Structure formats: C-alpha cells, structure tokens
Number of protein chains: 2
Amino acid sequence: MSDPQGQPGTPRPQIPEATVGRLPLYHRALISMHQGGNDTVSSEQLAEMAGVNAAKVRKDLSYFGTYGTRGVGYDVEALLGEIRSDLGLTSEWKCVLVGVGNLGTALISFAGFRERGFHVAAAVDVDPDKVGTRIGELVVAPQSSLETMVRDEGIAIGIISTIPAAAQEVADELGRCGVRSILNFAPTVIEAPEGVLIRNVDLASELEILAFHDQRRSSARDRRPAV
Amino acid sequence: MSDPQGQPGTPRPQIPEATVGRLPLYHRALISMHQGGNDTVSSEQLAEMAGVNAAKVRKDLSYFGTYGTRGVGYDVEALLGEIRSDLGLTSEWKCVLVGVGNLGTALISFAGFRERGFHVAAAVDVDPDKVGTRIGELVVAPQSSLETMVRDEGIAIGIISTIPAAAQEVADELGRCGVRSILNFAPTVIEAPEGVLIRNVDLASELEILAFHDQRRSSARDRRPAV
DNA sequence: CTCCGCTAGTGCATTCATTCACAAAGCCGG
DNA sequence: CCGGCTTTGTGAATGAATGCACTAGCGGAG
Ligand SMILES: NC(=O)c1ccc[n+]([C@@H]2O[C@H](COP(=O)([O-])OP(=O)(O)OC[C@H]3O[C@@H](n4cnc5c(N)ncnc54)[C@H](O)[C@@H]3O)[C@@H](O)[C@H]2O)c1
Ligand SMILES: NC(=O)c1ccc[n+]([C@@H]2O[C@H](COP(=O)([O-])OP(=O)(O)OC[C@H]3O[C@@H](n4cnc5c(N)ncnc54)[C@H](O)[C@@H]3O)[C@@H](O)[C@H]2O)c1
C-alpha cells in the first residue's frame, strides 16, 4: 500500500457512505470475536458475521489502511482499535434526549447504548408533569435547561423523540445549543440546521417496506387466478 | 407511456430497492397534503416535503404508471391510492411482537403504527412474569401460543425486540409459524428462514454513524494542531 | 532456503442509482 | 383556435457500489 497510516493527524481518503454504514456491523462482529478470545479473523469470517460478502469487507477495511496480514487475516485487537478510533469511540459520546414519552423512556433505560460508547447524559421535556421524573439515574430536566446542559456537559448528539409537530423546532433549538448530530425518531422530514447532521429512523416506514415486498411476493404467487 | 396499468393483476416492472425505500416518504407527504386539502401536488413540492430531489420523485413515481398531468402535477388522491395499494395498505397488516421489554412496550403502545396501517395484534414473551400483563388493549401471551395466534389471526409480520441472544431462535420460530416478514431490533445478524424477509433496525449503529461523521468533521477542522 | 497454501489487497467490469436536460403534453388566456 | 407557460416523463450521461478474479505477500512445513 502506498498510503502509510499517516503519523500526523488523519489520512482523509473520503470513505464511501455505503462503507460507513457497514462499519457498525464490523464493529459488532469484532467485539464478539474479541470477547470470544479470537486473535485473528479472516475477511471470510467477518463477512459471515456481518452478513455481507468477503470482497466487500476487504475493500471497506482497505479504506482505513492495511490492517490485515496476507495468508493469516486481520488482527482482531488492532482492527477493533482502528474501527473504534474511526468511529470516535475512544471516549464516550454524550447525548441529550428530547421528548420523554414511551419511546424516549425506553431509549433512556437502554443499556446497549452505553456498551457501544454512548450515554444519554440528559433528557428534557416540555411537559411539566414529566420534568423531575426519574428514569434510572437520570432526572428529566425542563426544556429551558437544554442549552446549559449541552454546553456544560459537552453534549454532541441530540435524540428527538417528541411528537412530529415539535421535531423541527427542537432540531433548530438543538442546533442553536451547539449539538452537531441528531437522531430523529419523529416521522417527519426535518430541515437540518447549519452544520448539523441528521439521521432519521422511521419505524412505520420499515414496516411499509416489508409490506411492499410481501405484497409483491404474494401477488407474484397468484399469477394464475384462483379457480 | 407504453405500459398500460395492466387490467389483469399487477404490472410487474421490478421496482428498484432505492425507490421502494422512498415510497414511505412519499406516502407520508401525500397523507399530509391530502389532510391539508390539496388536490394536486407537483414533483417539486413532493420533493421538498420528502427531502429529495424532484427528478427522483418523477422517476420513482413513473415506475408505477402515469399518475401526473403535465403542466399541473399529480392528483393527490389518485397518487395516494396508488401508493397505498402498492404498499399493500388497503387492509390492515397484523403484527406479532416478541419480547415485551422496554422497547417492546413502547412499540405496542405506539399509536403511529395504526395510523399507517399496522396493528400489533399479539405480543408474546418467555418471561412468565410478563405473560398476562396488559398493555393498552393487548394482553401478553405465552410463547407457546405463538403459532396458533399467527395462523388464526393471519399475522404476516413479526417484530423482534428480545435480547440479542434469542433473536435467531425467535426468527426461526416465526418462520415456522408462517410469518413472512420480520422487523428485528436486536443488534445481531439473523439468518433469514426460507421465504422470510428481514429488516434490521439497530439504533446503536445509527449513533455510531453520526459519531463517525462528527469525528471526521472535527478532525478536518483541526488541521493546524493547537498551539 | 524454498516451496506451498492461504488470504489480503485491488484493478476492472458490471450493475444499480442519481441527476441532467429536453421533448411531449396538458392548461389557460386571449 | 393558437401560443405561451408549466410540469411531467424519460433518454442519456454521470457517478456510486458491488463483486469477480487475479496478484502480492506472509507464514509454516519440509
Ligand atoms: N413509541 C414508539 O414505539 C414509536 C415508534 C416509532 C416512532 N415513534 C415516534 O417517536 C416519537 C415519540 O413517540 P412516543 O410514543 O414516545 O410519543 P409520546 O407522546 O409518548 O411522547 C412524546 C413526548 O414528547 C414530549 N414533547 C412534545 N413536544 C415537545 C417539545 N416541543 N419539546 C420537548 N418535548 C416535547 C411530550 O411531552 C411527550 O413526553 C413520535 O414522533 C413517534 O411518532 C414512536
Ligand atoms: N430499549 C431500547 O431503547 C433499545 C434500543 C435499541 C435496541 N434495543 C434492542 O431491543 C431489544 C430489546 O430491548 P429492551 O430494552 O426492550 O430489552 P429488555 O431486556 O427490556 O426486554 C427484552 C424482553 O425480551 C424477552 N425475551 C428474552 N428472550 C426471549 C425469547 N426467547 N422469546 C421471547 N421473549 C424473550 C425478555 O423476557 C424481555 O421481556 C434488545 O435486543 C436491545 O438490544 C433496545
């Protein structure tokens, strides 16, 4: 390989978005390999665990440098370290959750985030009845304390689980407070504030996509109309 | 257009996956247009609402036939009907949820699914303490009643919100019972049973992707090392 | 030291998706 | 009835992602 892993700062070889989307899969697979006590892993095995094909694994990993040994495979620990560092998981990311309803409550009490390097450090709601409620270790704060908490705690990620009608406003507010990334669960398109990256998760859409395919499969089966 | 909307059965022009993924966005946008009392909508407006570009909207819609009028736009009601029928939303889809924990509970009580044509008609859990619990109108059933419920109620979609270690087993069981589509929230790769389509939603992955981009943006900013 | 087996890394062809840009086509005002 | 305005539908160009198939290179056996 010609590009050494760049002693000073970061390389910067512009990673394809499709590859970025698969990093978490590799991350998960490597964690489980590591816990299983494996020292090395081949692209074939990683592919199997991540549910993708081996050539893709190799190409994806090659964007980050040369971490494999031909004839052997990848060093699990080294590769895990590299991916963790690319994902910025060397220290914990603090998140603020806005909208402590059904979904918000589940998210706050979800242990899996912490295991993967994320921590819901604050939660706010407009509803005065919710403010002061305790969920695990976290006490729901009033909307007005958002800015202070974001700045004081160094929160970089916002999670929106309010009603859809409030989502845009909340996103704007989060942007003003200095949050740089937002994960939005409200089923509405949000215009991203300047400098803020938004990802949307819409569960109803996922079901619709399943329904679409199911629909097609069954109408394909009934090519001959029933007698 | 050369392909008439095929009087008998369905056309079958193989819709690109990327297009399928956007149908729910259009669906949502059209619902809101319709509720707002609009009769027609241009590709430009739809694009704005769905957060994509206008050419893409037109190309996507063109796979389903000719629903627009040049110089005018699309008839909201007709287009909504078409999309609803493509998504198979002419009747309600029944779902079974497996694993009534934090997340499962939030999903069951979520009204938004019903509005979009989905109904969690059954929920099961292995934990005997959970069985019999009431969530809204639904009573949690024992794992053993899964097959009967799926068959009797005509359930086509399974939702997995168990712990990751149980996900594969649950998926296999759902497959055996005749479920054809699965939405999996457990952060693990599941091998799909024969004839079953699986979609995964991994929230920690979403956060990791945000973290990756944030990481990159800030390391791009610090090109000059601090003094 | 050499040769063999294995697996990473990658160039290339192919497939899939996006976007541009323009002709075809409906509407409306005169 | 005609001509201008608007917006669709789509061919063709471009770009992104995938996957094959080959080469380079390491480790271990003999
Ligand atoms: N519950 C689910 O399983 C589920 C599934 C998919 C999507 N969603 C979406 O997630 C969002 C939340 O769902 P939910 O079921 O938790 O709803 P919910 O009604 O239980 O909770 C919404 C919460 O947001 C708060 N809120 C409203 N406006 C606010 C504002 N401007 N600022 C701060 N807080 C505000 C409300 O006080 C309430 O506590 C909704 O947009 C919903 O469509 C939920
Ligand atoms: N809570 C969240 O916000 C959240 C967020 C992202 C992902 N997830 C994932 O969703 C899943 C559920 O999360 P949770 O927080 O609700 O966990 P939880 O521990 O609260 O709930 C899990 C439930 O699954 C049940 N269960 C376990 N094995 C089962 C089996 N074989 N058959 C049927 N039921 C079984 C348990 O009895 C329990 O009720 C986990 O895989 C988690 O990683 C949860």
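The sequence lines fix the lettering, A, B, ..., with proteins before strands; numbering per chain opens at 1. Quantities reported herein were computed from a predicted structural model and do not represent experimental measurements.
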### Task
Taking the side chain as every heavy atom from C-beta outward, state whether B:I15 and B:D60 have any pair of such atoms under 4.5 Å apart.
no
### Task
Could you state the atom-to-atom distance from CG of A:N53 to P of D:dA21 in whole Å?
12 Å
### Message
Tell me the interatomic distance from A:R58, atom CZ, to C:dA8, atom P, rounded to whole angstroms.
### Response
6 Å
### Message
Any side-chain N or O of B:K59 below 4.0 angstrom from OP1/OP2 of C:dT19?
### Response
no
### Query
Does the side chain of A:R180 reach to within under 4.5 Å of the side chain of A:I157, using non-hydrogen atoms?
no
### Task
Give a yes/no on whether any side-chain N or O of A:Y74 is located under 4.0 angstrom from OP1 or OP2 of C:dG9.
yes
#### Entry: Residues B:L46, B:L25; criterion side chain to side chain contact (heavy atoms under 4.5 Å, CB included); working and verdict
CA-CA 9 Å; B:L46 259 182; B:L25 293 178; over 6 Å; no
### Message
Check this one for me: any side-chain N or O of A:Y67 less than 4.0 Å away from OP1 or OP2 of C:dT7?
### Response
no
### Summary
Separation of C:dT7 atom P from A:D39 atom CG, nearest Å, is 16 Å
### Message
Measuring only between side-chain heavy atoms, which start at C-beta, is A:R28 closer than 4.5 Å to B:D202?
### Response
yes
### Message
If I take atom CG in residue A:D75 and atom P in nucleotide C:dT7, what distance separates them, rounded to the nearest angstrom?
### Response
16 Å
### Message
Test side chain to side chain contact (heavy atoms under 4.5 Å, CB included) on B:L207 and A:R116; report intermediate values, then the result.
### Response
CA-CA 9 Å; B:L207 290 178; A:R116 298 267 282 277; over 6 Å; no
### Query
When the distance from CD of A:E17 to P of C:dA17 is rounded to whole Å, what number comes out?
16 Å
### Query
Between A:D60 and B:S42, which is nearer to the 5' end of DNA chain D once each is assigned its nearest nucleotide?
B:S42
### Message
Can you measure A:R70 atom CZ to C:dG9 atom P for me and round it to whole angstrom units?
### Response
6 Å
### Query
What's the spacing between A:E206 CD and B:F118 CZ if we round to 0.5 Å?
10.5 Å
### Considering all heavy atoms, the nearest B:L210-A:L197 contact
CD2-O, 3.8 Å
### Task
Please report, rounded to the nearest Å, how far the P atom of D:dG9 is from the CZ atom of B:F64.
13 Å
### Query
Just checking A:G71: base, sugar-phosphate only, or nothing, at a heavy-atom cut-off of under 4.0 Å?
base
### Task
Name the nucleic acid region contacted by A:A55, choosing base, sugar-phosphate or nothing; use a 4.0 angstrom heavy-atom cut-off, strictly under.
base
### Query
According to a strict under-4.0 Å criterion, is A:R22 in side-chain N/O contact with OP1 or OP2 of D:dT18?
yes
### Message
Measure NZ/A:K56 against C1'/D:dA16 and give the value in whole Å, please.
### Response
13 Å
#### Entry: Relative orientation of the end axes in the helix from C:dC1-D:dG30 to C:dG30-D:dC1, expressed as an angle to the nearest 10° (five pairs per end)
0°
### Query
Are any of B:S43's side-chain N or O atoms less than 4.0 Å away from OP1 or OP2 of D:dT7?
no
